[in-house]
A.B. asks: 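Please find one structure pasted underneath; my questions will follow.
Bear in mind that the values here come from a model prediction, so they are computed numbers and not experimental data. Hydrogens, waters and symmetry mates are skipped; everything else that's a heavy atom, side chains included, is used.
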Amino acid sequence: MWKNYLKIAWRNLFRNRLTSILYVSGLGIALLCVMFIGIYVHHEKSFDQFLPEADLIYRVNIDGKMGPEEFVGGNTPPPVGKALVNNFPEVADYTRLYLNSPEYVSFQDGTDNKIFMETRMFSVDTNFLSFFQFQMLEGDVNSSLIHPYSVVLTESTAKKYFGNQSALGKELHFDEWSKPFLVTAVLEDLPSNSSIQFDLLIPNEANPVVQRFDWSWVWLQMNTFVKLHPESANPETVAKIEAKLPSIVKLLAAGAFERIGKPFDEFIANGGRWDLLLQPMEDIHLGSSGIFSNQISHGNATTVNAFIFTALLILVMACINCMNLTTAKAIRRSKEVAVKKVLGSARQQLIGQFLVEAALFSFLASVTAIFMMVYLLPFFNQLTGKPFLINDLFTTGHLLAFLGLFLVTSLFSGLYPAFYLSGFRPMTIFKRNSNPSSIFSEQTARNGLVVFQFVISTALIISSIVIFKQIQYANQMNLGFDKEQVLLLNQVEKAGGSQAVLTEELRQMAGIQNASLSTGVPGKNTYGDFYMPMTSEDETDLVKDLALGSFMVDEQYVTTMGMELLFGRDFSLDFNDSTSVILNETAIWHIGWTPESAVGNYIQYPGNRNQMFEVIGVVKDFNTESLHSQIMPFGLFHFSSKSYYPRQLFITLRLEKGNLTPILESIEDKWGTIVSTQPYDATFLDDEIEAMYQSDRRAGFTFWLFTVLAVLIGCIGLFGLVMATIEQRVREIGVRKVLGASEFHIVGILSKDYVKLVICAILIASPLAWFAMEYWLEQFAYKVEIQIGYFVLAFLVAIIFSFPTILVQTWRAAMSNPVDSLKSE
């Protein structure tokens, strides 16, 4: 019986070639989208689950408030881990990591001195490897970081340095350390779903910066992880620990706050907050919205959820297509069903036959999708920035997921047609020699399904337009500085005492309008600390504490960056600016001053012996982070202030417009002349700014691609509906043509109902898309306003896509010979 069902299904596959092609291609495209989205979502949700004790590990976050500024950060003070272990028996162990500034690593290979620049080098506690239980290839997990001048490499880094030779025992030289480091271990490359990503590890004991601030409860530059005992790793116990943390922090942090000249009780009394939170390791990647960390990159849960929802919608649309395409051939299949019923076939047998047909079509669509998936995987990797391999597609879990999709699509797309077609009454069919209108009593339902499809398609179109506009807004927004024609020389701190000389000589070169030396540029190396505005007796309502981001700069920074000075003056060699500061508008408003009155006032820096800084100027607000973040209170300090020790230095060059090749070559030559021992590293500022939105662009383009495919699937469904309706009205069309109706008149009559369906779908989709995009835009501090023009554009796109689908079928029907449809009447 089942063999017979399969034979009939195979014959019907080739008998109705157009329907079969549309069925298989539409469902295949949908399955391709769903499977690609599925492996992406699975990857995003699997972060850190490979760790043997991931369920016991928690990251310590800080929940802080300084004046009006509130924040939650993944970076914590150095003493936090030890404090938790000593005060909470539930905490079994802790480990810390610190991201070093980019480092030049060199070693002697025969007569050659090889140099590499590394940006992912952490200094960590000696128990780091055993804490996370990373897989070792060479060396001992417990002892490899005990010696201060030891270094651990990942497998790919070891191969990059030494090829197939063993890396153990090799010496590496880092430019900031005079002593060489000995390679003591090599570990497997970290999987792409690891929140912690690094290439080299050195002990914290070898890092002078970490040792210098090991006492500090206000230096937020380390990530701290704790491991709870198995019986304590639950939400109830974690909540109890967090409830006790404020009193522990107050007890232990008081001395550190006093040391920087800010009593902790006074800080709290001024509205400050310095609390600690525990975040499960497995929640870090997608559960860190609003949590800042400069050492661990976070995912975007909103994007992941949007893709899940999109996949479900596309799958539903494809199954609806299958139902519509199957029922569209109801007239031709109705006589087949009637004959089989007369010959004794039970309804259950007919249902089985139609389900087998649906399973065959779904199988072919699944095979098509898998082949396309293998072929398109490199493109998908480029699109998402993920390193998926062919082997990743055929894991046990993914194969089970493919099987599940096959079963779902077979049942979902086959059940309705099976019950619908098997329910025809043979006497009614034979009496009229055609399928009566009662057979199409489900016309309203099928219209509703097509409307549902275009509601989804139109909502996705509107969403894609909003996403595109937001990304375009990010590229075109006035950031408070001029990012065009600006070249950054990176790693200038490696130049030793030659930075000022290099900056001045570059400033004099042809093709360079200006040059400036600084500790940071927008998007790079912001230093944060808190300050206290000095108030007079008449200014008692001013903020008491101010969290301030800052750069140390020279006299040309504001001019070189194209910033706008609103009030006061810039730094100048004519003044001693070692105690001067230029604040942005946000800092002024947060303090409670006006831009006009701020110049001449003072702020105090408790972190460096209560230095006093006079406000000499107010600069227009400028973005130092992406548009996901609000503009922070910011200050520019002169290098002569020596407010803090800079980790990195940059030279910013504003270039003249024109042919940049000779200018760039002369800049590199000048670097080689003055800084002959260090590699040249330069980037354009606009590229750095665009890199901050790379994940947004990838997600936006991916979403746009899925939207196009969803619209295509919707058009296939509309094609099926038009085909079914035309077959129902074939005699009406013949009569109209005999009575003199023109082809254009018939096309108009047949098309208007479908255009109404599309318009109805747009009216329903518009408010749904508006609410969805308002939710998506919440992740941006600066965002576009959703305008009526976006909905008009979506309407035009939907009409442009759907109208050819309608026109092809209706024109074909209008051009048919009426004799063919009326000869049996």
Side-chain angles (χ1 to χ4, degrees), residues 68-69 71 292 294 472-488 490 513-529 531 546-571 577 580-591 593-596 598-599 603 613 615-639 641 643 646 648-655 683-693 780-784:
E69 283 290 297
F71 63 92
F292 171 79
N294 62 354
Q472 185 183 52
Y473 176 72
N475 290 331
Q476 297 177 353
M477 179 181 173
N478 183 2
L479 300 176
F481 58 89
D482 184 2
K483 65 180 181 180
E484 305 299 331
Q485 299 292 117
V486 175
L487 184 72
L488 301 179
N490 303 296
Q513 293 182 358
N514 215 331
S516 174
L517 181 67
S518 65
T519 63
V521 292
K524 283 189 171 185
N525 208 38
T526 296
Y527 181 86
D529 216 325
Y531 295 74
L546 177 68
L548 195 68
S550 66
F551 299 146
M552 286 195 297
V553 302
D554 64 10
E555 301 82 14
Q556 300 296 324
Y557 187 80
V558 172
T559 302
T560 303
M561 291 298 298
M563 296 177 177
E564 182 180 352
L565 193 66
L566 300 178
F567 296 94
R569 67 173 178 86
D570 197 355
F571 296 123
D577 281 324
S580 301
V581 63
I582 298 174
L583 298 179
N584 69 348
E585 295 173 280
T586 298
I588 297 300
W589 291 117
H590 276 217
I591 293 171
W593 294 327
T594 62
E596 297 89 343
V599 176
I603 61 173
F613 292 93
V615 180
I616 63 169
V618 178
V619 70
K620 186 178 179 63
D621 275 341
F622 58 95
N623 291 80
T624 56
E625 304 295 336
S626 74
L627 299 188
H628 288 273
S629 304
Q630 291 277 359
I631 291 178
M632 67 174 73
F634 210 87
L636 301 176
F637 296 89
H638 195 266
F639 269 111
S641 68
S643 300
Q648 294 178 260
L649 292 176
F650 303 86
I651 293 179
T652 307
L653 304 172
R654 180 162 295 281
L655 309 180
T683 54
F684 279 96
L685 181 60
D686 55 354
D687 293 335
E688 298 279 353
I689 298 298
E690 289 181 15
M692 293 193 290
Y693 304 100
F780 295 91
Y782 303 94
K783 55 194 177 185
V784 295

A.B. asks: To the closest 0.5 Å, what do you measure between CZ (F567) and CD (E596)?
C.D. replies: 4.0 Å
A.B. asks: May I ask you to check whether F637 and F613 place their ring centers less than 6.0 Å from one another?
C.D. replies: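 Aromatic pair counts; centres sit under 6.0 Å.
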A.B. asks: Which heavy atom of Y557 sits nearest to which heavy atom of G520, and what is that distance?
C.D. replies: OH-O, 3.3 Å
A.B. asks: State, with a plain yes or no, whether a side-chain heavy atom of M561 is found less than 4.5 Å away from one of V553.
C.D. replies: no
A.B. asks: Nearest 0.5 angstrom please: F551 CZ to S516 OG, how far?
C.D. replies: 11.0 Å
A.B. asks: Going by heavy atoms in the side chains, are L488 and I651 under 4.5 Å from each other?
C.D. replies: no
A.B. asks: Between S518 and T652, which heavy-atom pair has the shortest distance, and what is it?
C.D. replies: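 Closest heavy-atom pair between S518 and T652: OG-OG1, 4.3 Å.
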A.B. asks: So, do V599 and I616 sit near enough that their side-chain heavy atoms are less than 4.5 Å apart?
C.D. replies: no
A.B. asks: Determine, for D577 against R569, whether the closest basic-nitrogen to carboxylate-oxygen distance falls under 4.0 angstrom.
C.D. replies: yes
A.B. asks: Can you list the residues that meet the salt bridge (charged side-chain N to carboxylate O under 4.0 Å, His left out) rule with E555, with sequence neighbours excluded?
C.D. replies: none
A.B. asks: In terms of side-chain heavy atoms, does S641 have a donor or acceptor partner in S643 at a distance below 3.5 Å?
C.D. replies: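 Checked: S641/S643 side chains pair up, N/O donor to acceptor below 3.5 Å.
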A.B. asks: Do E585 and I588 come close enough that some side-chain heavy atom pair is under 4.5 Å?
C.D. replies: no
A.B. asks: Between F571 and V581, is there a side-chain heavy-atom distance shorter than 4.5 Å?
C.D. replies: no
A.B. asks: Could you pull out the closest heavy-atom pair between L685 and P522, with the gap in Å?
C.D. replies: CD1-O, 4.2 Å
A.B. asks: Considering non-hydrogen atoms only, spot the tightest contact between H638 and M552 and give its length.
C.D. replies: O-SD, 4.1 Å
A.B. asks: So D529 and Y531, do their side chains get closer than 4.5 Å, heavy atoms only?
C.D. replies: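 The answer is yes, as the side chains (C-beta and beyond) meet within the 4.5 Å cut-off.
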A.B. asks: Quick one: CG on L583 to NE2 on H590, what's the gap to the nearest 0.5 Å?
C.D. replies: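 L583 CG to H590 NE2: 12.0 Å, rounded to 0.5 Å.
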A.B. asks: If you compare all heavy atoms of F650 against all heavy atoms of T519, which two are closest, and at what distance to 0.1 Å?
C.D. replies: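 Heavy atoms only, the tightest pair is CE1-O, 3.5 Å.
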A.B. asks: Any side-chain heavy atom of Q630 sitting closer than 4.5 Å to one from E625?
C.D. replies: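 Heavy-atom side-chain distance check fails, nothing below 4.5 Å.
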A.B. asks: Can you tell if the side chain of V784 reaches within under 4.5 Å of the side chain of Q472, non-hydrogen atoms only?
C.D. replies: no
A.B. asks: Under the rule for side-chain hydrogen bond (donor to acceptor under 3.5 Å, both in side chains), what residues qualify as partners of T683, not counting sequence neighbours?
C.D. replies: N490, E688
A.B. asks: For the aromatic rings, using the six-membered ring if either is Trp, is the centroid distance between F634 and F622 under 6.0 Å?
C.D. replies: yes
A.B. asks: Might you point out which heavy atoms bring A515 and Q556 nearest each other, and give the distance in Å?
C.D. replies: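 That closest heavy-atom pairing would be O-CB, 3.4 Å.
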A.B. asks: Which is it for V619 and L566 under the side-chain contact (heavy atoms from CB on, under 4.5 Å) test, yes or no, and what are the steps along the way?
C.D. replies: CA-CA 5 Å; V619 70; L566 300 178; over 6 Å; no
A.B. asks: Would you tell me whether T559 and N514 have side-chain atoms, one donor and one acceptor, within less than 3.5 Å of each other?
C.D. replies: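 N514 and T559 do not have a side-chain donor-acceptor pair below 3.5 Å.
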A.B. asks: Between CG of L479 and OG1 of T624, what distance do you get to the nearest 0.5 Å?
C.D. replies: 10.5 Å
A.B. asks: Give the intermediate values and the outcome of side-chain contact (heavy atoms from CB on, under 4.5 Å) for residues V486 and F481.
C.D. replies: CA-CA 11 Å; V486 175; F481 58 89; over 6 Å; no
A.B. asks: Nearest 0.5 Å, please: how far is CG in N584 from CG in D621?
C.D. replies: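 Rounded to the nearest 0.5 Å, the CG-CG separation comes out at 4.5 Å.
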A.B. asks: Using a 3.5 Å distance criterion without hydrogens, assess whether the side chain of Y782 forms a donor-acceptor pair with backbone atoms of I631.
C.D. replies: yes
A.B. asks: Could you state the interatomic distance from OG1 (T560) to CD (Q513), rounded to the nearest 0.5 Å?
C.D. replies: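 One finds 9.5 Å between OG1 of T560 and CD of Q513.
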